[in-house]
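The structure appears below as structure tokens.
Reckoned from all heavy atoms, side chains included, excluding hydrogens, waters and symmetry mates. Residue numbers begin at 1 in each chain, while the letters A, B, ... track the order of the sequences. Because the structure is predicted, anything quoted here is derived from the model rather than measured.
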Amino acid sequence: MTDSSIRVRFSPAPTGYLHVGSARSALFNWMYAQRTGGTMILRIEDTDADRSQPELIEAIHDNLGWLGITWDEEYRQSDRFDQYRAAAQDFLDRGLAYRCDCSQDDVKARAEARGDQGGYDGHCRDRNVEAGEGVVVRFRTPDDGITAYDDLIRGHVEFDNATLEDFVIVRSSGVPLFHVANAYDDLDMGITHVVRGEDLVNTVPRVLLLRQAMLGPDQQDTPNPVFAHLPLIVNEQRKKLSKRRDDVSVGDYADKGYLPGAMRNYLLTLGGGPRDGGEEIRPIDELVAQFDLNDINAAPAFFDIKKLDHFNAEYIRALPLDDFVAAATPFLDHPDVGDIDADLFGRMAGFVQERVRRLDESPTFLDWVVGDAREPSEKDWKKVMGNSEEKLATTARVLDLVIERIADCPWEPEALEAIVFGVGEELETKTQMPVRMALTGARSGIPLFEPMVELEREVVIQRLRDARAKL
RNA sequence: GCCCCCAUCGUUCAGUGGCCUAGGACACCUGCCUUUCACGCAGGCAACACGGGUUCGAAUCCCGUUGGGGGUGCCA
């Protein structure tokens with residue numbers, strides 16, 4: 001299904017860092033372009049001068065790049081205000097729009113007086129308001145009829161034109177608003193498929209009406225773009241993910257040590273699994289090959305960090321060791337653990353890779369090697385060292401023997417293992433756990449003997465003695 | 001209030017009239033492997049929101065109810 005005439009766009013407003021919901025929209029557009037051989041456009045919708053932050057555009061580039069999302073063309077709406085204004089002027093000239101000098105308070109007061117929460121009442125439709133201070137341009141919406149469209153994900157959707165108020169297309173500052181800019185650009189850029197979040201469904205009739213009005217007499221058969229509104233990604237409260245409430249900036253995930261491939265793969269499972277019924281965790285090209293906008297689920301999906309973590313762990317384990325080390329290197333300085341020596345980490349990396357779920361927790365597996373043993377909980381301590389006289393006595397003998405025998409043995413993993421296990425056989429008990437607890441302060445962790453030789457012999461003996469004394 | 005959308009295990013995806021005594025994955029629980037943990041393996045728990053139709057037959061089609069979400073800006 002290669003169709004190079006397909007043109008899709010991701011159009012973020014640079015009003016905050018890219019969050020996972022937007023990233024998902026970008027991803028689905030990109031997937032569709034990849035699948036069809038179409039063109040991917042990045043369009044920065046920065047018509048709101050008050051909220052747009054130009055410096056965020058670079059961050060959006062970075063985040064998209066991190067996810068492996070590429071684009072073929074890029075535009076900024078702030079470069080195109082003249083064109084939108086010309087379109088609005090044309091509407092004015094043709095009587096499709098009119099000027100309005102109602103203040104927002106007036107509009108609201110009249111709506112309340114009418115007893116509904118609805119918006120503008122068409123007060124200025126025939127007042128012939130002159131351009132000037134505090135004057136906006138409103139688009140005259142039809143009083144009757146319906147505006148309908150077919151959504152690839154939601155099916156046929158209809159809106160009663162009577163429910164559409166005359167909305168503002170040019171601010172009193174002279175700057176055009178979202179709807180015109182959007183309609184104009186989609187037409188001008190030849191966008192064939194509009195793939196975005198469900199929160200934009202309600203703007204479709206307005207944009208379609210505008211688009212229709214922009215078409216000249218000889219362009220009446222220009223098709224509308226095909227729409228596909230993606231289900232929202234929600235939090236545990238089933239509310240739309242918001243930058244304010246939820247910790248969802250793509251950059252934060254990168255900083256926490258999520259691999260872009262894992263994030264991308266996980267995002268793709270939300271709203272639709274693999275068509276062929278195969279594994280969820282797949283190489284991106286396999287996912288692209290079977291990508292179809294028609295297959296996307298219409299119901300909102302919860303962003304499940306636990307499942308993302310699982311994907312991430314799988315992706316981490318699948319990395320060649322060198323790649324894992326390279327990926328983990330930026331995370332070696334951990335707030336609780338301190339800075340881990342790169343060579344040491346290199347030696348221990350294989351053990352860490354098998355266990356870590358997020359790259360940023362890599363150093364925590366080595367905390368006892370670069371620093372002191374952890375302070376174990378009393379519960380863990382008793383569970384391992386014993387909570388009966390008899391068990392405690394056995395543990396004491398184990399530690400005594402190990403301390404004695406490692407005093408002058410070769411400082412190698414094999415030798416240490418032989419001693420610890422040898423004591424176990426003599427005493428007919430398992431010896432790894434008490435030694436592990438004494439050395440690390442934890443009940444679980446990476447294999448014991450290899451990291452053990454990274455410590456000084458005196459340090460090991462001291463920790464064993466401390467534990468012995470504490471029994 | 002008004003407009004739009006949604007509704008299968010805790011979560012997510014599969015299921016598009018009979019193959020469903022509803023399947024996979026994550027999570028959770030049990031066991032095996034392993035002198036730790038993790039991985040792996042074998043099991044287990046667990047869902048068609050409700051009520052009406054249509055049909056020989058409905059998770060699948062229709063209507064309603066309930067519940068949830070989105071929108072309702074001189075934001076996008």
Sugar-phosphate only, base, or nothing, as touched by [X] at under 4.0 Å among non-hydrogen atoms:
X: A:T15; answer: nothing
X: A:T269; answer: sugar-phosphate
X: A:F302; answer: sugar-phosphate
X: A:R436; answer: base
X: A:P12; answer: nothing
X: A:R357; answer: sugar-phosphate
X: A:Q353; answer: nothing
X: A:F421; answer: base
X: A:D50; answer: nothing
X: A:L200; answer: base
X: A:S172; answer: base
X: A:G272; answer: sugar-phosphate
X: A:E236; answer: nothing
X: A:V157; answer: sugar-phosphate

Check whether any side-chain nitrogen or oxygen of [X] sits under 4.0 Å from OP1 or OP2 of [N], and answer yes or no.
X: A:R196; N: B:G70; result: no
X: A:K240; N: B:G71; result: yes
X: A:Q432; N: B:U36; result: no
X: A:R238; N: B:U12; result: yes

Review point. Taking it one step at a time, do A:D185 and A:Y75 satisfy side-chain hydrogen bond (donor to acceptor under 3.5 Å, both in side chains)?
Key: CA-CA 10 Å; A:D185 282 345; A:Y75 303 92; over 6 Å; no

Suppose you measure atom [atom1] in [N] against the same atom in [M]; what distance do you get, rounded to whole Å?
N: B:G24; M: B:A14; atom1: C1'; value: 7 Å
N: B:U8; M: B:G73; atom1: P; value: 31 Å
N: B:G67; M: B:C62; atom1: P; value: 22 Å
N: B:A38; M: B:C32; atom1: P; value: 14 Å
N: B:U65; M: B:C19; atom1: P; value: 31 Å
N: B:G64; M: B:C45; atom1: P; value: 38 Å
N: B:A58; M: B:U16; atom1: P; value: 16 Å
N: B:U11; M: B:G69; atom1: P; value: 14 Å

Item checked: Under-4.0 Å salt bridge between A:D186 and A:R43 -> yes

*Between A:R397 and A:D400, does at least one N-O distance fall below 4.0 Å, as a salt bridge requires?*
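The answer is no: the pair does not qualify as a salt bridge.
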
Among [options], which nucleotide has an atom closest to any side-chain atom of [X]?
X: A:R355; options: B:C3, B:C37, B:C26; answer: B:C37
X: A:N202; options: B:C6, B:U11, B:G71; answer: B:G71
X: A:E165; options: B:U35, B:G73, B:G24; answer: B:G73
X: A:A13; options: B:G24, B:A76, B:C74; answer: B:A76
X: A:E354; options: B:A27, B:G69, B:A38; answer: B:A38
X: A:E314; options: B:C26, B:C6, B:G40; answer: B:G40
X: A:E45; options: B:C39, B:G24, B:A76; answer: B:A76

The residue among A:R127, A:E133, A:E130 that forms side chain to side chain contact (heavy atoms under 4.5 Å, CB included) with A:D101 is A:R127

[N] [atom2] sits how many Å from [X] [atom1], rounded?
X: A:F303; N: B:G69; atom1: CZ; atom2: C1'; value: 19 Å
X: A:R43; N: B:A76; atom1: CZ; atom2: P; value: 12 Å
X: A:R206; N: B:C3; atom1: CZ; atom2: C1'; value: 10 Å
X: A:K239; N: B:C6; atom1: NZ; atom2: C1'; value: 14 Å
X: A:N297; N: B:G69; atom1: CG; atom2: P; value: 18 Å
X: A:D166; N: B:G73; atom1: CG; atom2: P; value: 13 Å
X: A:Y315; N: B:C39; atom1: OH; atom2: P; value: 18 Å
X: A:Y98; N: B:C74; atom1: OH; atom2: C1'; value: 14 Å

Distance criterion of 3.5 Å, no angle test: do you see the side chain of [X] paired donor-to-acceptor with the base of [N]?
X: A:R154; N: B:C5; value: no
X: A:E279; N: B:G24; value: no
X: A:D199; N: B:G71; value: no
X: A:K307; N: B:A25; value: yes

Using the ring of A:Y258 (Phe, Tyr or Trp, six-membered ring only), decide whether A:K256 places NZ or CZ under 6.0 Å from its centre and within 45 degrees of its axis.
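Here A:K256 fails the 6.0 Å and 45° test against A:Y258.
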
For [N], what is the paired nucleotide under Watson-Crick or G-U wobble rules, both distances under 3.5 Å?
N: B:C2; result: B:G71
N: B:C41; result: B:G31
N: B:A49; result: B:U65

- [ ] Give a yes or no on this: more than 12 heavy atoms of other residues, nucleotides or ligands lie within 6.0 Å of atom NZ of A:K379.
- [x] no

### Pairwise 5' ranking along RNA chain B for A:K430 and A:T163, keeping only the more 5' one
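Closest to the 5' end, via its nearest nucleotide, is A:T163.
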
Q: Hey, which sits more toward the 5' end of RNA chain B by its nearest nucleotide, A:R443 or A:F159?
A: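 It is A:F159, whose closest nucleotide lies nearer the 5' terminus.
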
> Say you draw a straight line from CG of A:L270 to CG of A:L232; how long is it, rounded to the nearest 0.5 Å?
Replying inline: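 Answer rounded to 0.5 Å: 11.0 Å.
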
Original post:
Can you tell me how far the CE atom of A:M214 sits from the CG atom of A:L96, to the nearest 0.5 Å?
Top reply: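 It is 10.5 Å, given to the nearest 0.5 Å.
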
Check: A:F167 ring centroid to A:Y120 ring centroid under 6.0 Å = no

- Message: Under a plain distance cut-off of 3.5 Å, with no hydrogens placed, do A:Y149 and A:N224 share a side-chain donor-acceptor pair?
- Response: no

